[in-house]
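Just so we're clear, the structure is a prediction, and the values are computed from it rather than from any experiment. To find a chain, count down the sequence lines: A is the first, B the second, and so on, and within it residues start at 1.
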Amino acid sequence: MYEPNIPLLKMNHISKTFDGIKALQDVSLTAWSGEVHALMGENGAGKSTLMKILSGALTPDKGGEILVDGQTIPTGNTRASRSYGIAVIYQELSLSPNLSVAQNIFLGVEKSRGGVINRKAMLASAKPVLDRLGVSFEPDALVRNLSLGECQLVEIARALSLDARIIVMDEPTTSLSGRETEKLFEVIARLKTQGIAVIYISHRMEEIYRLSDRCTVLRDGTYVGTLDKNEINAERLVTMMVGRDISSFYKKEHKASDSSRDIVLSVDDLSDGKLVKGCSFQVHRGEVLGISGLVGSGRTELLRLIYGADTAVRGNVHVEGENVSPKSPREALHKGIVYLTEDRKGLGLFLDMTISDNVNVMVSIRDAILGGIRHFSMASQRTDRAIKNLAIRTLSIKQKVGSLSGGNQQKVLLARLLEANPKVILLDEPTRGVDIGAKSEIYKLIDELASHGLAIVVVSSELPEIIGIADRCLVMSEGEIVGEVTATSEHPITQEALMTLSTGLNRSNTVHKASEVIQENLI
Amino acid sequence: MTSTPLRDQSRVATRMRSTFVALGMLPVLILLAIAFQLMTGKFLTGNNLSIVMQQASINIVLAAGMTFVILTAGIDLSVGSILAASAIVAVKISLWPGLGLLGIPAGILTGLAFGLFNGVLISFLRLPPFIVTLGALTAVRGMARLMGDDTTIFNPDLPFAFIGNGNILGVPCLAIIAMVVVLLSWFILRATVLGTWIYATGGNQEAARLAGIKVWLVLLFAYGISGLFAGLGGVMSSARLYAANGLQLGQSNELDAIAAVILGGTSLVGGVGSIWGTLVGALIIAVLSNGLILMGVSDIWQFIIKGLVIIVAVALDRYRMKGGART
Amino acid sequence: MFNKITTIILSSALIATSGVAAAQEKKLENVGISVALLGNPYFVATVKGVTNAAKKINPNVKVTSVSADYDLNKQVSQIDNFIAKGVDIIMLNAVDEKAIAPAVLRAKNAGITVAAFDVSAPGAEVTVMTDNKAAGRKACQYIVDTLKGEGNVAIIKGPSSSSLNDRFEGCSEVFSNTAGINVVSKDQNGQGSRDGGLNVMQGLLTRYDNLDAVFAANDPMAQGAQLAARQFNRSKLIITGVDGAPDTVQSLKSGNSLIKATASQDPYGMSEKALNLAYQLFEGKEPQEKTILLDPQLITENNANDYIGWDDH
């Protein structure tokens, strides 16, 4: 059955057109048994479309074909794709939290005897599948008690139970901790030895170096090239992805502030009575303050308290010396505080509304005629300015935000905040789910805003990002600020310093080397 | 390079698509009208069209209010009952000697009051709209019967009968009121800040709050205006019939209004839709009712056909929209 | 064995006699009324008829009136509530002349006298109702006579119920027995309301330019039809209805009414009569007649002034 000369998967001449717009143009992809094949490209490059065609969710245009073991398989049919051993693990997990691991593995193909679910048989047959992955949890554990990483492993186990031989993983590590990521990599290594082909989509260079045997790059829906393991390096990949050189990714042009500048934002003993336990800090004019810490350390919650999105039980917020302590986002806005949510689709944008409406929704009441009628020319001026200044790529200002790429969506959201003429900008994961090109533009924007004298607070899980853009960095752990690191021209902030502080190994500013540090050298 | 023609092509496609989406159900309405004309030969006469407009007008007014509510991802099941209560108040006050015209504002304000009551419960007490208005559906119906002494109140010399039966340059007053309501709704939704807030709140309530929008005001307004329009509908209805009955009037009108809004392409999830769609939706329902009577289709079959046409029309619409969805 | 049966018969006879004896002593204290729709002035008049008649028997009597809103389920639970409450007489205007049977039986088994009015109810001991077929016949005979036996007519029917169906039948009978009468439409439903009558009539008038007369199965629909005819300026059209409702009578008196005749019912007298018969049974007396069909009176412009309306009691 297994022929070493025939690739496990071959996708030939795949094109896909939506309403006359070519999303994919003659893309080919080959994956061998036991290979980890990375698929890279900016958001909107066509990775997802290609994978949807592979899974059968979309039908390719005429001329495209998919071969498994050298045999052409039917396209546009998820059932057929599955039966040929193709499985996709999506970013949004599709498990039922109140069922056991075994039940989730066999969801839809339950083992039953005369219509009655046979729990014992399911547990028994789940066990070997989980053993294949070398996981530590039991098949009768409830999924809601598992961590996100473990849930992902359950998804993989489900794929294996259906005899999957080609597993697609779409940014699997986005929300995983360092330890969980390691575990996933172990599992991927095991899958390799079992002859499974893994197609791995990620934005993180480090992962690509470590895992992939080969790497295919897409750009604007076209095939750019495939690199072998020894050819993969950051510069080359970035050049292939964006089609040009990015020499300096983080460029700090604004003058690092010093304590002599006046304080714009002052937070004093802020607490929500739950997670955030009495945080105090100041931000100076023209300063970029980073807040680092593990997921769940209370960073997002702290920003939401400052913005008035949640109610503080204790503490004060001052803007330029005036006590504001907002009770609602509306109040915060009036006092010059804006907040960029980490969940741009869920809590930020109105996806069905136009770019113009999204940019203006916060401020249009300020220039309304007779107190309520929209000032259309003002609105389009604002939108045009935003599109120009933030380089938002769009056909028209009437385009719906939902149809933009992640990076452009983020820019629209940023534009909305900037049009409110804020004094303080709170940014929560400003570059999450944003492609490399847009990332560098957002960094540039933050730098410019600081030059203009705004006080900026950036929460980020990406250490290189914090180090690259922040003048000073606070570290949070379990709802408290446990440390502060300031960059000087001789001594930039180091990842080790931040990790040591955030894992709570040392609660002073002394730098210790953390025993387990996942380096995320994003370029 | 190839990207320029590609972009032009896509731009044309986008424009065609948006025109098509904007047209919505209009083609269905036109097809129905042509079909009824071919089958009866009497549909497309000035007189009959004026009757269709008349019969559609009350539903248009109710559906306009419903559009606001559904755009905020809510629902208002109480409009039929509010219509009855307002009609009762309007006719009762019309019987006051010399002051009968006060029945008009009284009826409208009654509707507004009930609508605001719904709005307060929904926006301040955060109760689910479905439950609040379901309760109001029954409670307000009871109030209507109470206010009308549970009988038919009639006034053969209704001072504002011109609303229901008059014409201005051959156009029925009812239709003119309905058009004014549609234009006013369009203006609010399109040209005011409140309008954007309504779309934003319906699209994503939490995001709207974080964007500094007064969500409570939006909800209060939506249910208030739905009540106000239902009150206006009550006045129109009483003016048309010279009478009001707390129990019978407006029965299941809320369902017709919801059907019109949905036929018009407004999403029940909120945030998407337009008042023009609602107008077309309400006209489709009225054209169906009128056309089927003209054809002499029996009462029982009218029910079946109307229901099926609504389902088929919406199914076609969804199918069409789905074809354009990308990724 | 034989003995046992005799004992049972004897004892039940004993109970029966003692029951009659008790009834003669106890007063009429509680009367329950369930009507199809209290929103209709017609039923308001029936409630008045029952209440006044009962008050004449015992000034302290408690009369509970409820509306079933044309909902069978609702009416059945209303009857069950009356049984639980222990009323003496249930005055029943059935919303469904067949399906109400089990509820009536339960009431009878509980020793309650059930009297049906306006609509028959299976198992009711007393029935007083309008002869609805005659009502339909009279209203449509008027049309035939006025048209001199020739013309195009339409019937607006109502929601399916025995009384409205009987009127429809009576009318159809008259029309089909007259050769010169052409019935152009008879399957449109005016929902029994003004609103529905208006909508249906607008359609009919658009469809038929040569319509001469319309019969509506009740007065509200006739009123709606009149509003439509006015809009179309069809002042020659003849409309007749059934009920003799106050607004129709007022219309007839006005002199420019398109509604020319209505076969009137006497809701007040009907329910009054039903209660009196039920009371006789309650007392243990056997009334001479237990089912009475009241003959409707045709009201026209000529005799409208002499008519005693529903709300004149």
Side-chain angles (χ1 to χ4, degrees), chain A residues 18-23 25 44 48-49 52 58 220 304 307-309 328-334 338-339 341 343-353 356-358 360-376 379 395-396 398-400 402-403 413 416-417 420, chain B residues 1-3 5-18 20-22 71 73 187-218 221 265-267 269-274 321 323-327:
Chain A
F18 295 108
D19 310 322
I21 300 169
K22 295 223 161 171
Q25 217 165 352
S48 301
T49 310
K52 277 185 182 161
L58 290 175
D220 295 334
R304 285 178 60 97
Y307 187 57
S328 71
R330 210 180 148 64
E331 239 179 276
L333 260 173
H334 276 291
V338 294
Y339 166 66
T341 166
D343 183 0
R344 125 179 113 240
K345 285 188 181 174
L347 296 173
L349 293 166
F350 305 108
L351 298 173
D352 288 313
M353 290 168 67
S356 181
D357 282 346
N358 266 286
N360 285 286
V361 71
M362 225 176 209
V363 292
S364 51
I365 190 70
R366 293 187 189 170
D367 46 42
I369 303 155
L370 300 173
I373 299 168
R374 285 158 77 186
H375 201 309
F376 281 102
L395 292 173
S396 105
K398 296 256 172 80
Q399 194 175 341
K400 283 189 178 173
S403 63
L413 199 50
R416 178 199 293 171
L417 306 185
Chain B
M1 298 223 317
T2 55
S3 71
L6 198 81
R7 174 155 308 172
D8 276 356
Q9 201 185 343
S10 74
R11 206 173 268 184
V12 171
T14 313
R15 198 177 310 140
M16 270 176 64
R17 169 154 307 284
S18 62
F20 201 41
V21 170
L71 277 177
F187 180 79
I188 293 172
L189 287 173
R190 173 85 182 89
T192 69
V193 175
L194 187 63
T196 6
W197 287 2
I198 288 171
Y199 279 101
T201 303
N204 189 335
Q205 188 164 331
E206 186 54 20
R209 191 177 76 92
L210 288 180
I213 290 171
K214 294 181 194 164
V215 172
W216 63 269
L217 179 74
V218 169
F221 175 81
T266 295
S267 158
V269 191
V272 182
S274 78
M321 303 284 273
R326 208 185 142 171
T327 58

Distance, nearest 0.5 Å, that separates OG1 of B/T196 from CG of A/N358: 10.5 Å

Nearest 0.5 Å, what's the NZ-CG distance between A/K345 and B/N204? 12.5 Å

Please find the pair of heavy atoms, one from A/V361 and one from B/A200, that lie closest to each other, and give the distance. CG2-CB, 4.1 Å

Most contact-rich option vs chain A, by heavy-atom pairs under 4.5 angstrom, among B/K214, B/Q205, B/E206, is B/K214

Turns out that what part of A/S328 lies under 4.5 Å from chain B's heavy atoms comes down to neither

Proximity breakdown for A/M353 and chain B, heavy-atom pairs closer than 4.5 Å: side chain

Contacting moiety of A/I365, where chain B heavy atoms sit under 4.5 Å: both

Could you tell me which residues satisfy side chain to side chain donor-acceptor pair (under 3.5 Å) with A/R374, sequence neighbours excluded, listed by chain and number? A/D357

Flag the pair B/L210 / A/Y307 as yes when at least one side-chain heavy-atom distance between them is below 4.5 Å, and no otherwise. yes

Heavy-atom pair of closest approach, residues A/A309 and B/R209: O-NH2, 2.5 Å

Please round to the nearest 0.5 Å and tell me the distance separating atom CD1 of B/I188 and atom CD1 of A/I373. 10.5 Å

Taking all heavy atoms of B/A207 and all of A/G348, pick out the closest pair and write down the distance. CB-O, 3.6 Å

Proximity breakdown for A/L349 and chain B, heavy-atom pairs closer than 4.5 Å: backbone

